[in-house]
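This report refers to the structure that appears directly beneath it.
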There are 2 protein chains.
Amino acid sequence: MTGTESGAPRKQRADSRRNETALLEAAAAAFVASGVNAPVRDIATRAGVGVGTIYRHFPTRADLIVAVYRHQVEACAEAGPVLLAESATPHAALANWIHLFVDFLVTKHGLAEAMRSDDAAFQTLHAYFLARLVPVCAELLDAASTAGEIIPGIDPLVLMHGIGNLCIGADSPDYDARRMVELVIAGLRLR
Amino acid sequence: MTGTESGAPRKQRADSRRNETALLEAAAAAFVASGVNAPVRDIATRAGVGVGTIYRHFPTRADLIVAVYRHQVEACAEAGPVLLAESATPHAALANWIHLFVDFLVTKHGLAEAMRSDDAAFQTLHAYFLARLVPVCAELLDAASTAGEIIPGIDPLVLMHGIGNLCIGADSPDYDARRMVELVIAGLRLR
DNA sequence: AAAACATACGGAACACGGTTCCGTTTTTCC
DNA sequence: GGAAAAACGGAACCGTGTTCCGTATGTTTT
């Protein structure tokens, strides 16, 4: 027999795993269609499950968002060292990386808002993004600072928070988040 | 025939005016205590009126917010020309004025968020703020641009939108909105 | 194969905030 | 004083997020 001693926990049920992936797909679709605040019931319907199932798999909305965008955050994080190695100067690497981050944020309707929410439910989201990206940003800042290209003493956390804020409402036709971000990048430069 | 058809419409009832000022005071207090998203019922209770009365006087939350902060917005708007006349350079005037705007925003918990909301209910708020402040900002930008102190082609609307965004969450201990705003101001400078 | 058990499910029910509506009260004006 | 207009209050409604529990499904054991 499967000598599974009574100590080992049972493996996850098949339907549970199926529902989890169905939910991830449904959530991704709903996020594209209605932003990251798509109603819970919509997502449940898309996935063909009840609302309870969402909460069982993803206790908070932030958990769901993190799960949906995890690879993209990873990609952004991994791009940092690569850019540092390949760009002409550390400042250029920093600028390129920031633009990458902005690209990510502005294409996810409502993500920038969610990112900065102080709602306890979004704690996970905030924590994950920062844990993964702040060190990368710090490395780039350090390199540029050491190279004497930018003003010293910039806190990566503050910078990322600010960049995130600038991306809020980036889909409005009257606003230009990238322009503002460029001003910030220019402002970083040591003159 | 009442004969009043042609002449002046009836004057506003006394109780109505009383309630309106009571509401303004209650709202101001509620905004300080719980931010500009204080529950409607709270404000009604504070003012000692029913919720219906709020909606009769201020159809949208934005109307209420505008009414509460109107003088401060006016003060900010009027400060523009004064600063331009008194500051050492147009760029300094612009910087000072932006700091004034930031001071206003960061002391009104949740106002910056509300400012950028695309919710139709906040249309009035958005419209009023921009109508009043954008021209002032434009004047300052023009002066600094003409003096050759800043890069040309900055849209005052975009700049104000961005500054507003940077002030979101300014009460978090981990964030420093002013620092970010300073980066933007530095980024405006022509080098 | 069937029973026994653990796990997961669905969706009704609840909580909460904004908004509307209408019977009642208050004020104004003749 | 009395009728008409104006304003009031708050119950009721709606759309969301969230919880809970009886039921169904999958897994393990006999």
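Taking the centre and axis of the six-membered ring of A:Y175, the NZ or CZ atom of B:R116 falls outside the cone set by 45° and 6.0 Å. Relative to the ring axis of B:Y128, B:R70 places its NZ or CZ within 45° and under 6.0 Å from the centre.
Going from atom CD1 of B:I54 over to atom P of D:dG9 covers 10 Å, rounded to whole Å. Separating the NZ atom of B:K11 from the P atom of C:dC30 is a distance of 11 Å, rounded to the nearest angstrom. Atom CD in A:E20 sits roughly 20 Å away from atom P in D:dT25 (whole-Å rounding). Separating the CD1 atom of A:I43 from the P atom of D:dG15 is a distance of 18 Å, rounded to the nearest angstrom. Regarding B:R17, its CZ atom lies at a distance of 15 Å from the P atom of D:dA6, rounded to whole Å.
For residues 146-166 of chain A, the set of pairs meeting the salt bridge (Lys or Arg N to Asp or Glu O under 4.0 Å) definition, not counting sequence neighbours, is empty.
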At under 4.0 Å between heavy atoms, how does the protein contact nucleotides 17-27 of chain C? Give one character per nucleotide, 5' to 3', with B, S or -. BBBB-----BS
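At D:dC8, one or more side-chain N or O atoms of B:H57 fall inside 4.0 Å of OP1 or OP2 (strictly under the cut-off). Distances shorter than 4.0 Å separate some side-chain N or O of A:T53 from OP1 or OP2 on C:dG10. An OP1 or OP2 oxygen of D:dA7 is reached within less than 4.0 angstrom by no side-chain nitrogen or oxygen of B:N19.
Every residue two or more places apart in sequence or in another chain was checked for a salt bridge (charged side-chain N to carboxylate O under 4.0 Å, His left out) with B:R179, and none qualifies.
Using cut-offs of 30° and 60° on the angle between ring planes, the pair B:F104 and B:Y69 is perpendicular.
Nearest-nucleotide mapping onto DNA chain C: of B:Q12 and A:G50, the residue sitting toward the 5' end is A:G50.
No salt bridge links B:K108 with B:D171; every basic N to acidic carboxylate O contact stays at or beyond 4.0 Å.
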